[in-house]
Amino acid sequence: MSLFKAKDTLFCKKSTLNCGGKLVSLEVPAVMGILNATPDSFYANSRVSNLDMTVAKAGQMLADGATFLDIGGYSTRPGAPEVSAQEELDRVIPVIEAVAQAYPEALISVDTFRAKVAQEAVKNGAHLINDVSGGTLDEGMFETVGRLGVPYVLMHMRGTPQTMASLTEYPNGLIEELIAYYTEKVAALRALGVKDILLDPGFGFAKTLDQNYFLLKHLRELEMLELPLLIGLSRKGMIYKPLQVEPAEALTGTIVANTLALLNGADIMRVHDVKEAVQTIQLVHKTKSA
């Protein structure tokens, strides 16, 4: 457990995860590398077109210091087209199997909002479920997570990838909305026996550019929930749009944004560029512990 003080209140945040019987410490923030088994992810260099390329890329991420590998087969960029459950399965299961076989010690996360895909992924080697919808797009997800007994990434999003850009009004305040959202959903997960929960505030999901930066600035307020924070900022529109560059040119901006997130309590950084994220964590951690 890590102790910290926010707004004059002492909190005790959970800092370990049980992944397939392996206890993972988050006392020092960890890195989750992104492997996209999709043809249309917003950052072209994150796409993998065949299994050999995928396995090689996974190996490089692990060598660069990734603790987790996040494999997804459904692009959730704004306005992304619908993908059937079978097509998503056809994309992710072979990748999970190949990576698990090549790197038995790798901790694999499946990026899906479908309970069926999550179940098949865990059956074939995944250790975590990363659900961008927070259980809202498949009513069977929470029960499935409880039954499988794996860590669950609970993200905040409204609507679907096709509609979320129009759902950015928060009359009661963005941070207040997130805290209420998480409080309700964490209680539902706990009732189903889910022990390891990570919170992802969903940067870029049903949030305007300014809202994303407000959230980044006030990220530490979510630590009152006493759960680890997984943060995904890598090369997103909130970085490349204000800089007026393309995603391929947004590495420097990503490093800056990741640094701010780490200073504000991030525990896992979900990134395309693992080596740079690991180095960022090393320097931020050294500064904070000096």
Side-chain angles (χ1 to χ4, degrees), residues 2 4 6 13 15 17 24-36 41-46 57 60-70 72 76-77 107 109 111 128 130 132 153 155-156 174-175 178 198-205 207 209-223 227-290:
S2 61
F4 56 90
K13 183 166 65 169
S15 57
L17 294 176
V24 180
S25 173
L26 299 177
E27 289 289 350
V28 176
V31 172
M32 176 180 283
I34 300 169
L35 287 173
N36 284 319
S41 297
F42 77 93
Y43 176 45
N45 288 350
S46 71
K57 189 166 187 176
Q60 186 60 58
M61 286 182 168
L62 293 169
D64 286 341
T67 301
F68 308 95
L69 299 174
D70 193 40
T76 51
R77 60 181 173 81
L107 297 177
S109 165
D111 181 359
L128 299 85
N130 181 12
V132 298
V153 180
M155 200 183 89
H156 175 269
L174 177 59
I175 300 299
L178 263 68
L198 300 104
L199 307 181
D200 181 345
F203 286 95
F205 290 78
K207 298 168 187 71
L209 184 68
D210 288 343
Q211 286 170 341
N212 283 318
Y213 280 97
F214 179 85
L215 178 56
L216 182 58
K217 180 179 179 179
H218 294 275
L219 193 60
R220 190 167 290 278
E221 294 184 34
L222 297 180
E223 293 192 319
L227 291 170
L229 297 177
L230 184 149
I231 305 300
L233 300 166
S234 185
R235 298 181 183 267
K236 285 186 173 180
M238 65 174 283
I239 295 170
Y240 69 77
K241 288 179 181 178
L243 296 177
Q244 299 182 359
V245 298
E246 296 299 317
E249 303 169 289
L251 177 56
T252 301
T254 295
I255 292 170
V256 172
N258 283 344
T259 301
L260 294 170
L262 289 164
L263 291 171
N264 282 303
D267 298 288
I268 299 178
M269 304 306 303
R270 181 179 181 272
V271 300
H272 299 97
D273 309 281
V274 170
K275 184 177 181 179
E276 291 80 358
V278 169
Q279 291 176 344
T280 302
I281 288 169
Q282 288 173 336
L283 295 183
V284 171
H285 180 68
K286 189 169 183 63
T287 301
K288 291 173 73 174
S289 61

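Residue numbers run from 1 in the order of the sequence given.
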Sub-3.5 Å donor-acceptor pair from the side chain of Arg235 to the main-chain atoms of Ala248, do we have one? yes
Please name the residue in the list Leu229, Thr259, Leu219 that meets the side chain to side chain contact (heavy atoms under 4.5 Å, CB included) test with Asn264. Leu219
Side chain to side chain contact (heavy atoms under 4.5 Å, CB included) between His285 and Thr280, intermediate numbers included: CA-CA 8 Å; His285 180 68; Thr280 302; over 6 Å; no
Flag the pair Ile281 / Leu262 as yes when at least one side-chain heavy-atom distance between them is below 4.5 Å, and no otherwise. yes
Of all heavy-atom pairs between Leu26 and Ile268, which one has the smallest distance, and what is that distance? CD2-CG1, 3.9 Å
Measuring from Met61:CE to Asp70:CG, what's the distance to the nearest 0.5 Å? 9.5 Å
Separation between CE of Met269 and CG of Asn258, rounded to the nearest 0.5 Å: 3.5 Å
Just wondering, are more than 12 heavy atoms of other shown residues or ligands nearer than 6.0 Å to CD in Gln279? yes
Hey, does the side chain of Arg220 reach the backbone of Leu263 with a donor-acceptor pair shorter than 3.5 angstrom? yes
How many angstroms lie between atom CG of Leu227 and atom CG of Leu199, to the nearest 0.5 angstrom? 4.5 Å
If you compare all heavy atoms of Met238 against all heavy atoms of Asn212, which two are closest, and at what distance to 0.1 Å? SD-CB, 3.7 Å
Would you give the length of the straight line joining atom CG of Leu198 to atom CE of Met155, rounded to the nearest 0.5 angstrom? 13.5 Å
Would you say NZ of Lys288 has more than 12 non-hydrogen atoms from neighbouring residues, nucleotides or ligands within 6.0 angstrom? yes
Regarding Lys57 and Asp64, does a basic nitrogen lie under 4.0 Å from an acidic carboxylate oxygen? no
If you measure from OG1 on Thr254 to CD1 on Ile239, what distance do you get to the nearest 0.5 Å? 3.5 Å
d(Lys207 NZ, Leu215 CG) to nearest 0.5 Å is 6.5 Å
For the residue pair Leu17 and Phe68, what are the closest heavy atoms and their distance? CD1-CZ, 4.1 Å
Let me see the working for Val31 and Thr67 under side chain to side chain contact (heavy atoms under 4.5 Å, CB included), right down to the final yes or no. CA-CA 6 Å; Val31 172; Thr67 301; 5.7 Å; no
Is there a side-chain contact between Leu69 and Met32 in this structure, where contact means two heavy atoms from C-beta onward sitting under 4.5 Å apart? no
Contact summary for Asn130 and Ser109, nearest pair of heavy atoms: CB-OG, 3.5 Å
Looking at Lys13 and Asp267, is any side-chain nitrogen of the basic one under 4.0 Å from a carboxylate oxygen of the acidic one? yes
Is the backbone of His272 close enough, under 3.5 Å, to the side chain of Ser234 for a donor and an acceptor to pair up by distance? yes
State, to 0.1 Å, how close Ile175 and Phe214 come at their nearest heavy-atom pair, and which atoms those are. CG1-CE2, 3.7 Å
Show the nearest heavy-atom pair for residues Pro242 and Leu209, with the distance to one decimal. CD-CD1, 4.0 Å
Checking side chain to side chain contact (heavy atoms under 4.5 Å, CB included) between Leu178 and each of Glu221, His218, His156, which is the one that passes? His156
Would you indicate whether the side-chain heavy atoms of Phe205 and Lys236 approach each other to under 4.5 Å? yes
